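Here is the structure we will look at.
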Amino acid sequence: QVQLTESGGGSVQPGGSLRLSCAASGYSASMPCMGWFRQAPGEKREGVALIHVPKGFRYYADAVKDRFVISRDNANDTVYLQMNRLKPEDTAMYYCAVAVYPFAGCSVNLLPRDQVWGQGTQITVSS
């Protein structure tokens, strides 16, 4: 069973930057999508950014496109999320995940068919 270890959360002022890391131990190609979801209080969990590990395709939510960048270090099974120009509406608990969808590829607009979640890391954007 894959285990995910996240780091890099914290508090930042609007316009600032943070980088999240997620290291996967026991990664399996049966869950080819790896990346980040987030959940704000009282809201549903939503996809933020995913990478299709075998093919390298990247998927971004419209709300973060052009501000966030997802990348992966294949040698270490680690995914990074560089978050720039952060906004108060980015405040949420961020969860790393490995996932599989009922179709080829990944999607930030749908929850996966199956997934493993990390423990979550809080991001707070406030002045």
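These numbers come from a predicted model, not from an experiment.
One hydrophobic cluster, built from ILVMFWY side chains closer than 4.5 Å, cannot hold both F37 and Y60; they sit in different ones. Connection of L50 to I123 is not established within any shared hydrophobic cluster, with ILVMFWY side chains joined at heavy-atom distances below 4.5 Å, either directly or through further cluster members. Residues L4 and V108 are members of separate hydrophobic clusters, defined by side-chain heavy-atom contacts under 4.5 angstrom among Ile, Leu, Val, Met, Phe, Trp and Tyr. Hydrophobic clustering, with ILVMFWY side chains joined whenever heavy atoms are under 4.5 angstrom apart, groups F68 together with V125. Residues L111 and Y59 fall within the same hydrophobic cluster, defined by Ile, Leu, Val, Met, Phe, Trp and Tyr side chains chained together at heavy-atom separations under 4.5 Å.
Between W117 and Y95, the ring planes are perpendicular. Angles over 60° get that label, and only those under 30° would be called parallel. The aromatic rings of F57 and H52 sit tilted relative to each other, their planes meeting at an angle between 30° and 60°.
Considering every non-hydrogen atom in both V2 and A24, the closest pair reads CG2-CB, 4.0 Å. Counting all heavy atoms, side chain and backbone alike, A92 lies closest to R38 at CB-CB, 3.9 Å. Closest approach of A99 and Q115 over heavy atoms only: CB-CB, 4.0 Å. Contact detail for I70 and A49: the closest heavy-atom pair is CD1-O, 3.6 Å. Pairing each heavy atom of V48 with each of V64, the nearest pair is O-CG2, 3.6 Å. Taking both residues in full, the closest heavy atoms of G10 and L18 are given as O-CD1, 4.0 Å, listed atom of the first, atom of the second, then distance.
The pair R85-D66 does not count as a salt bridge, with every side-chain nitrogen at least 4.0 angstrom from each carboxylate oxygen. Salt-bridge annotation for K87 and D90: absent, with no side-chain N of the basic residue lying under 4.0 Å from a carboxylate O of the acidic one.
When atom types are taken as modelled, the side chain of Y27 and the backbone of T78 share no donor-acceptor pair closer than 3.5 angstrom. Counting only distance, with no hydrogens or angles, the side chain of Y101 and the backbone of C33 share no donor-acceptor pair below 3.5 Å. Using a distance-only test at 3.5 Å, with no hydrogens or angles considered, no donor-acceptor pair links the side chain of Q39 to the main chain of M93. Side-chain N or O atoms of R72 include none that pairs as donor or acceptor with a backbone N or O of V53 at under 3.5 Å. Under the 3.5 Å distance criterion, the side-chain polar atoms of T124 are left unmatched by any main-chain donor or acceptor of T91.
One distance of note links CG of L20 with CH2 of W36; it measures 4.5 Å at 0.5 Å rounding. A distance of 10.0 Å separates NZ of K55 from SG of C106, quoted to the nearest 0.5 Å. Rounding to the nearest 0.5 angstrom, the gap separating the OG atom in S25 from the CG atom in N76 is 12.5 Å.
Within 6.0 Å of CD on Q3 lie no more than 12 heavy atoms contributed by other residues, nucleotides or ligands.
Contact annotation: the side chain of S11 never approaches that of S126 to less than 4.5 Å [non-hydrogen atoms, C-beta and beyond]. Side chains of M31 and P112 form no contact here, defined as non-hydrogen atoms less than 4.5 Å apart.
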Quick one: do R67 and M83 satisfy side-chain contact (heavy atoms from CB on, under 4.5 Å)? Show the steps, please.
-> CA-CA 6 Å; R67 297 189 297 123; M83 303 183 291; over 6 Å; no
